[in-house]
Amino acid sequence: TSIGPDGGSVQSVAFDPITPSIVYASSSSDTLKSLDGGVTWFSINPLPYGVSPEVLVDPLVPTTIYVTKGFNLYKSTDGGGSWTGHPTNEPYASAFAIDPVNPSNLWLSGLGKIHRSTDGGVTWTPTALPPPATTEQAFDLAVDPVTPSTLYAATSFGTAIGVYKSVDGGGSFTRVLADVASQALAVDPVSPLTVLAGSLSSLGVYRSTNGGTSWTPSSTGMVGGVTRHGLAIDPTNPLTVYAGSSGRVNKSVDGGLTWTPFTAGLPTVGGYLQSLVIDPSNPATLLGGEVTGVARSTDAGVSWTISRSGI
């Protein structure tokens, strides 16, 4: 068992929503757990190999967690102590989402399709993205917290890039934002018609206030594009938004209209924040998956430290 972190690329981080001192992370070679809010870590990997693009925590029963490796989804009901594998038949899994109201509903993105499970990951049904997006890869999924049958998917490669929306729980999708390469989505937890999509380019963040019908780009003050899974909205104050980038975090206090970049403690060369999450009990604390470890801020994104030992 490694304690630590000690260096490695971290794809995603997830808080236990009931006990936020418990945190899970997926790295380039491991699945990790922390009992002290992300300061130290140990391995809970279900397999000695494979990479999970994301780790999911059940919002109602947070001892239940999910990771994907290869063609399988692995589920633990004891906080990572033991695992059960279920086939997904999807080798290109790149994003994960869970229904916050009924956690038996899960979504998993694949090549040109979104897979849906209604039984906690035991069985899966694929839904193809509409043509010509048959080879698109969705790199982020976001669920409307009030109406979970509404789901958004962000794509960034191919001829039909943009944001796709489903209003039937993933049974069908339509493209609502075209020609924008995106790998990051966030839905306002208080006003879910407000949706943010991060652009990989310098165009920053696209903002919709009508559930994706129309979008407005907003990059005033922002430096760099928005990285994969790199958007986070403060659940206690949705006007506060964070956007991860290369070597910095851009912060907005007006709902994503204007931005201020912060770099203190983040690697300026080779640094790349791959995900951002906010402590549900203390929104001044953020954790981020970083290519060199786990980034941690306790002052609302102004300054950061990188934990590396053990990853």
Side-chain angles (χ1 to χ4, degrees), residues 1-46 52-67 74-83 96-101 103 145 186 189 229-238 240-242 244 249 251 262 264-266 273-290 292-311:
T1 301
S2 48
I3 301 287
D6 116 327
S9 180
V10 175
Q11 277 75 31
S12 75
V13 185
F15 280 102
D16 179 319
I18 297 175
T19 310
S21 58
I22 299 175
V23 193
Y24 300 91
S26 61
S27 78
S28 54
S29 60
D30 212 344
T31 304
L32 300 152
K33 183 175 183 177
S34 172
L35 300 177
D36 55 12
V39 178
T40 61
W41 300 82
F42 56 92
S43 174
I44 55 168
N45 214 24
S52 180
E54 203 163 354
V55 56
L56 275 189
V57 179
D58 186 311
L60 302 184
V61 185
T63 51
T64 297
I65 60 175
Y66 301 88
V67 297
Y74 289 87
K75 178 179 182 178
S76 173
T77 58
D78 57 5
S82 59
W83 298 85
F96 229 171
I98 190 167
D99 186 327
V101 178
H229 305 312
L231 282 175
I233 299 176
D234 186 332
T236 64
N237 179 13
T240 300
V241 185
Y242 301 88
V249 170
K251 179 179 179 179
F262 294 97
L266 293 171
L273 274 165
Q274 303 180 98
S275 62
L276 281 175
V277 290
I278 299 173
D279 185 329
S281 67
N282 179 12
T285 297
L286 293 89
L287 296 179
E290 222 277 330
T292 59
V294 174
R296 187 171 186 264
S297 173
T298 57
D299 57 9
V302 175
S303 62
W304 297 79
T305 57
I306 306 294
S307 298
R308 295 187 174 94
S309 73
I311 292 182

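- Nearest heavy-atom pair across W41 and A25 is CZ3-CB, 3.6 Å.
- Here the side chain of K33 pairs a donor or acceptor atom with the backbone of G79 at under 3.5 angstrom.
- Every pair passing side-chain hydrogen bond (donor to acceptor under 3.5 Å, both in side chains) that includes a residue from residues 273-284 is listed here, sequence neighbours excluded: S9-Q274, D279-S281, N282-T285.
- In this structure T63 satisfies the side chain to side chain donor-acceptor pair (under 3.5 Å) test with no other residue, sequence neighbours excluded.
- Contact annotation: the side chain of L231 never approaches that of L276 to less than 4.5 Å [non-hydrogen atoms, C-beta and beyond].
- Under the 4.5 Å side-chain criterion, counting only non-hydrogen atoms from C-beta, V61 is not in contact with P103.
- Within the 3.5 Å criterion, the main-chain N or O of D36 finds no donor-acceptor partner in the side chain of S21.
- In plain terms, the two heavy atoms of V67 and W83 that are nearest each other are CG2-CZ3, 3.8 Å.
- Of all heavy-atom pairs between I44 and G80, the closest is CB-O, 3.6 Å.
- Across all their heavy atoms, D30 and N45 have their closest contact at OD1-CB, 3.1 Å.
- When all heavy atoms of I278 and P235 are compared, the pair lying nearest together is CG2-CD, 4.1 Å.
- Put simply, the side chain of I98 reaches to within 4.5 Å of the side chain of Y66, judged on heavy atoms.
- In this structure, the separation between CD1 on I65 and OH on Y74 is 14.0 Å, given to the nearest 0.5 Å.
- In this structure, the separation between CZ on F15 and OG on S34 is 9.0 Å, given to the nearest 0.5 Å.
- For the pair S303 (side chain) and A264 (backbone), a donor-acceptor distance under 3.5 Å is absent.
- Nearest heavy atoms, P59 versus D99: CG-O, 4.0 Å.
- Side chain of T77 to main chain of T64: no donor-acceptor pair is present (N/O by atom type, distance under 3.5 Å, no hydrogens or angles).
- Remark: D58 CG to K75 NZ distance equals 8.0 Å, nearest 0.5 Å.
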